[in-house]
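Everything below concerns the one structure shown next.
Naming convention: chains lettered A, B, ... in sequence-line order (proteins, then strands); numbering from 1 in each chain.
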2 protein chains.
Amino acid sequence: MTLSGKMNEKQFLAAYDKSAFDAPLLTVDAVLFTYHEGLLKVLLVERSNHPEQGKWALPGGFISEEEDKTLEDTIIRKLKEKTGVVPPYIEQLRTFGGATRDKRGWSVTVCYTALIAHQACESHIDTVSDTDWIPVEKAKKLNLAFDHLKIIQSAHERLVQKALYSIVPAYALPESFTLPELQHVHEVIIGKPLQKKSFRRRIEQADLLIEVGEKRTEKGRPASLYKMRSDSGTHKFVRNLEL
Amino acid sequence: MTLSGKMNEKQFLAAYDKSAFDAPLLTVDAVLFTYHEGLLKVLLVERSNHPEQGKWALPGGFISEEEDKTLEDTIIRKLKEKTGVVPPYIEQLRTFGGATRDKRGWSVTVCYTALIAHQACESHIDTVSDTDWIPVEKAKKLNLAFDHLKIIQSAHERLVQKALYSIVPAYALPESFTLPELQHVHEVIIGKPLQKKSFRRRIEQADLLIEVGEKRTEKGRPASLYKMRSDSGTHKFVRNLEL
DNA sequence: ATAATAGTGTCTTTCAGACATTATCTA
DNA sequence: TAGATAATGTCTGAAAGACACTATTAT
């Protein structure tokens, strides 16, 4: 039947059959970063099914029309399956699509970047055999499934920018952390040392952190512990740090 | 049949039937901006079909698995239908999706922001009766189809940021333009006057434009004409202008 | 000459870079 | 006390804000 403009909307909707149209495969994937053992790591999953069986891939999957109301619901559900928890930072990266990125045909994947403290999901990940934290630099050398290498690179590039004008990387740390720790996360992300004074000054001036105590380490002067203010993840400095 | 891990990939792909899975509706839309008569305008199309028949909507549509190799191909094809030309600036904005944004069911739309000179498509748009340039502030007050209001707001917010740290808004002007014109485009986008000296100084220091002649206007001193360098659309100033 | 617009000079302010110095802990 | 790490002091430099000033056109 033709979907003529002569019907009213109710009739149109009753007659409408989505599956009559050939649509690309649609998935949602995430690049979940954490900071552990001095390295920036990304969560990868070993594919158990075709296509690309056996290769490492980003966590993600198909939208569930029953369980998910939004795209974020989908990625939260998928990340929870792998990590047991919902990451404190989730932001859409971009959508990758094309005729050749998946052997099954035209495909589209809506990608998210997420950050989480390593300790927050350590125990759960140990129980999931096909999932592991891989250092980003190592992941970039693996033979990853689909175009997931390109997606990880894209997520990393964006995270570098965020490290230069925000303190978003703090979400890769536990709820309380020291300034030297946070600075090191930034340095690992951008791959370059930063001026301690510049780093601390701008955070103090923007009043982004709350002091919550003191940390005792094995050697040297103890560092103060801080936690983020509720809105400090959205703060953007007007001037970038040098790359 | 079950898609078992026991098959090899060739067998798997031969047996795979995309349409066996219920998938969300997938479209690609664009927020195409231009600068005309001192205003920032956005291209809207009057919907001729259900759902949301008769309402203004963003240009866009379904992916064609035959005609399109990439998502950009899709949006370029759709914009060419409406404007007759390919905009010089196209960048992915973000993807909007959810169970309720379209009455036909779960839907996802990959959105792009694009910029074009008004004169570049003026003649073609006059021949397309259902398409028109609407001032952004006016569009925000219309009863737009789907969640297109939210999409336009999101695109505008992103464009404000770009106006503060780049000269991307220049793509909303003809190939050659004057600095006062470019400054006014920025001011219209961010909704606030800018310091003439600051605006010009940073463009000159970064050497982003090439002088191509002189423009004679009806009154006052004539302004120099400039065109963009090939890569100046990607340049980011380290420091933002004040909002 | 006047009005209008384009473009420059220059002082102030802000904030990051550089790096020396001081503070506080353990062994 | 020495060694290590945290935290601060302070000078320099780069770039934006503010705004007065000069330049070039039409009438």
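Panel note: side chain R77(A), backbone D68(A); no donor-acceptor pair is recorded below 3.5 Å. A donor-acceptor distance shorter than 3.5 angstrom exists from the side chain of T34(A) to the backbone of I116(A), with no hydrogens or angles considered. Under the 3.5 Å distance criterion, the side-chain polar atoms of E187(B) are matched with a main-chain donor or acceptor of L194(B). Side chain of R202(B) to backbone of R239(B): a donor-acceptor contact under 3.5 angstrom is found.
Across residues 236-243 of chain B, R239(B), L241(B), E242(B) each have a non-hydrogen atom less than 4.0 Å from an atom of DNA chain D (numbered order). Within residues 195-226 of chain B, the residues that place at least one heavy atom under 4.0 Å from DNA chain C are, in residue-number order, K196(B), K197(B), R200(B), R201(B), K219(B), G220(B), R221(B), P222(B), A223(B), S224(B). Contact check of residues 165-177 of chain B against DNA chain D (heavy atom, cut-off under 4.0 Å) returns no residues at all.
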Practice item. Quick one: do K78(A) and D29(A) satisfy salt bridge (Lys or Arg N to Asp or Glu O under 4.0 Å)? Show the steps, please. Key: CA-CA 8 Å; K78(A) 288 292 173 183; D29(A) 291 317; over 6 Å; no

Exercise for review: Report the C-alpha distance between F96(B) and S154(B) in whole Å, list the side-chain angles of each, state the deciding distance to 0.1 Å, and finish with yes or no for side-chain contact (heavy atoms from CB on, under 4.5 Å).
Suggested key: CA-CA 11 Å; F96(B) 297 80; S154(B) 175; 3.9 Å; yes

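Under the 30°/60° scheme for interplanar angles, the aromatic rings of F237(B) and H235(B) are found to stand perpendicular.
Taking 4.0 Å as the cutoff to heavy atoms of chain A, we find the contact window on DNA chain C bounded by dC15(C) to dT26(C). The outermost nucleotides of DNA chain D lying under 4.0 Å from heavy atoms of chain B, listed 5' to 3', are dA15(D) to dA26(D).
For the side chain to side chain donor-acceptor pair (under 3.5 Å) condition, the pairs that include at least one residue of residues 133-147 of chain B, sequence neighbours left out, are R101(B)-D147(B), K140(B)-H156(B).
The closest side-chain heavy-atom distance from P169(A) to H186(A) is below 4.5 Å. You'll find the side chain of I151(A) stays beyond 4.5 Å of the side chain of L144(A), heavy atoms only.
Taking CG from L225(B) and CG from L179(B), the interatomic distance works out to 9.5 Å, rounded to the nearest 0.5 Å.
Within 6.0 Å of atom NZ in K192(A), more than 12 heavy atoms from other residues, nucleotides or ligands are found, so the atom counts as buried in its surroundings. Remark: K55(A) NZ is packed, more than 12 non-hydrogen atoms of other residues, nucleotides or ligands lying under 6.0 Å away.
If you run side chain to side chain contact (heavy atoms under 4.5 Å, CB included) between S198(B) and each of R201(B), R200(B), K196(B), only R201(B) comes through. Checking E181(B), K41(B), H184(B), H118(B) one by one against Y35(B), the side-chain hydrogen bond (donor to acceptor under 3.5 Å, both in side chains) holds for a single residue, H184(B).
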